Amino acid sequence: MIFEQLMGNIVQGLILGAVYGMATMGLSLIFGVLKVVNVGHGAFIMVGAFITLFFFNTLGLNPLLAIPVAFAVGLAIGLLFYHTAIKRLLNAPELATLLATFSAGVLLEESIKLIFGSEFRGYNWDIGNIDLGFTALPVSKLYACLGSVLIALLLYIWFNRTRAGTAMRSVVEDSEGARVCGVNVQGAYAMSFAIGIGLTVASGVLLTMFIPVGINPYMGGGYTLKAFVIAVLGGLASPYGAFFGGLVFGFIENTSYTLFALLPGVEPFALTRFLSFMILLIILLIRPTGIIKAK
Amino acid sequence: MLKIEKLESGYGAMQVLWQPSLEVSRGSITALLGPNGAGKSTLLSTVLNSVKPWGGKVYYKGEDVTYTPSHKKVHKGMALVPEGKHLFPNMTVYENLAMGAYLDKALAHKSESLDLVYTLFPRLKERHSQMAGLLSGGEQQMVTISRSLMTKPELIMLDEPSQGLAPKLVSEVFETIRKMKYDIGLTILLVEQNVDASLDSADYVYIMHEGSIKAEGVTEKIKESKDITSTYLGV
């Protein structure tokens, strides 16, 4: 019985982990290229969640259709934010971009609150389950996982097989070197920031397919913290590292939940959070460059 | 080919360039010499616009390019071999060279440019699949110079290419610079601290000190003028 439950948690954990990983790739991409830490990360995820709500509850459309729209909205917000603030702060002390991304997060939260209010919302997209014997897997969660893997693959191909992606990699390696090769470094910064935000907003759609409840303007904070743990697991500057970091994190979170539930008198959910941050602390102490080696 | 008029720039509130003016004529090797901190590297960075000009003018082939973005200057045929190499350490030697042919214009000539740099530096052909970060200092300098040649330049600006190299490699670098002029027909602006080797290769020399040009002349004249060489070059 416990064993079956554990198996179920491992599978569910890996599926959730893929979504977590995808939800961290934008953070790592932006840090890798611009060395900017997006402290408002979770607020951009929240925007994606509200886009999903709008698609499902208001328009009555399939949440999957919200993914490209969320990505496009993220690109637009990212470009706007880059050109109005980030561009001017790149050579300023790091605190400036931290404050700017933090403020952008607050701005998004309060704007969404003004429009939609602050109550918790949710939606119910029931398209059946797949029975694996030891666990039942909702098809919507499976879609969220497949969507995440697909987006991660697309990003990988774009980075490694296209000219724009290669230019971006060269900027990550050495921006001055890229400049003397004729790469438009400013343009590459703007593009990677926009793509990073686009991925993050799109991940808000995938995350709510997984957890379609508790959607409110302030839901992002928890995701920001998780994304930091995952990004550090994956070596901070690599989007693929982040993806695998997400798999590890989802696995740990879900499995430890089952194990903690066995302990009498313990609230397992709170303990899994505790565990996440213990992991973060330990990694930072023993291997601050991340445990996963990705190029 | 390149004309700089009263250029001014700096970092933050600190002005580094105090209106130096100089000219590089087509097909020549022009050396810009001077002690550490004279502003030579800043001058090259300002010419390429990776450091923003505060004032003055930069003309390339008669066209005002003072505020033209760096990547457009590379497209026009201006290349910079930056100080401190600035390679892509986690890319192979070949990928580094291929990045030099990033722009359309250079991409069209990629295979002939590759032949050219492999003829200049046969060692790079042997090492083409190695990570650039793992090469020796001399080999890395070869990659940096070759990557610039891959951009299909007409004017190449070299920022202390012999810095930190063993004496034998230093003479190899200067040999390459002469080949760029005589065999490939490039125009060269060379910033150096190695005075002797530079005076052996250059056609025309500018002496820079504290952000402005203190002396200039054809190489023989500079060599003869003991005043200039002892005051600014410590020879």
Side-chain angles (χ1 to χ4, degrees), chain A residues 28-29 31-35 82-83 87-96 156-192 234-241 289-290 292-295, chain B residues 11-12 41 44-45 47-52 68-92 95-107 110 113 131-133 140 143-153 156-159:
Chain A
S28 292
L29 178 68
F31 181 76
V33 179
L34 296 102
K35 301 283 173 264
Y82 179 82
H83 284 291
K87 185 165 80 175
R88 299 152 206 270
L89 303 175
L90 285 178
N91 294 321
E94 275 149 17
L95 186 62
Y156 182 85
I157 291 168
W158 181 77
F159 241 106
N160 288 283
R161 297 275 178 274
T162 69
R163 229 164 128 214
T166 310
M168 203 77 79
R169 273 199 299 148
S170 73
V171 174
V172 176
E173 294 251 321
D174 192 309
S175 59
E176 197 54 38
R179 194 193 309 275
V180 301
C181 289
V183 173
N184 180 354
V185 176
Q186 275 293 331
Y189 282 162
M191 199 199 286
S192 50
L236 212 57
S238 155
Y240 321 117
T289 51
I292 293 153
K293 220 175 145 69
K295 65 167 183 173
Chain B
Y11 304 95
S41 295
L44 294 191
S45 300
V47 168
L48 197 72
N49 202 359
S50 65
V51 170
K52 283 247 170 321
T68 307
S70 307
H71 62 277
K72 291 198 175 140
K73 283 182 171 164
V74 176
H75 177 79
K76 286 175 190 289
M78 299 169 77
L80 172 66
V81 178
E83 186 186 9
K85 305 184 183 84
H86 292 284
L87 289 176
F88 309 122
N90 297 314
M91 293 191 193
T92 64
E95 285 175 312
N96 268 274
L97 298 177
M99 268 313 295
Y102 169 74
L103 294 174
D104 286 328
K105 182 195 70 163
L107 193 61
K110 188 173 165 185
S113 302
M131 290 293 161
Q140 289 191 346
V143 178
T144 316
I145 292 173
S146 301
R147 189 181 62 185
S148 293
L149 290 173
M150 294 292 293
T151 66
K152 212 60 184 127
I156 189 160
M157 304 183 280
L158 298 113
D159 197 352

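We name chains A, B, ... by the order of the sequence lines, and we start the count at 1 in each one. As the structure is a prediction and not an experimental result, all values here were calculated from the model.
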Can you measure from [atom1] ([X]) to [atom2] ([Y]) and round to the nearest 0.5 angstrom?
X         : Y         : atom1 : atom2 : answer
Leu80(B)  : Arg179(A) : CG    : CZ    : 10.0 Å
Glu173(A) : Met99(B)  : CD    : CE    : 10.0 Å
Glu176(A) : Leu87(B)  : CD    : CG    : 12.5 Å
Cys181(A) : Tyr102(B) : SG    : OH    : 10.0 Å
Glu95(B)  : Ser170(A) : CD    : OG    : 11.0 Å

Quick one: does Leu107(B)'s side chain get under 4.5 Å of Arg163(A)'s, heavy atoms only?
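The answer is yes; the side chains approach within 4.5 Å.
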Taking side chain as C-beta onward, heavy atoms only, is Val180(A) less than 4.5 Å from Arg147(B)?
yes
Only heavy atoms, only distances under 4.5 angstrom. Which residues in residues 68-78 of chain B are near chain A?
Ser70(B), His71(B), Val74(B)
Please list, in residue-number order, every residue in residues 182-192 of chain A that has a heavy atom less than 4.5 Å from any heavy atom of chain B; write 'none' if there are none.
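Residues Gly182(A), Val183(A), Asn184(A) are the ones that qualify, each having a heavy atom under 4.5 Å from chain B.
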Could you tell me which portion of Thr151(B) (side chain, backbone, both or neither) has an atom closer than 4.5 angstrom to a non-hydrogen atom of chain A?
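Interface part for Thr151(B): side chain.
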Residue, of Pro89(B), Ala101(B), Gly100(B), that accumulates the most heavy atom pairs under 4.5 Å with chain A:
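Most heavy-atom pairs within the cutoff with chain A belong to Pro89(B).
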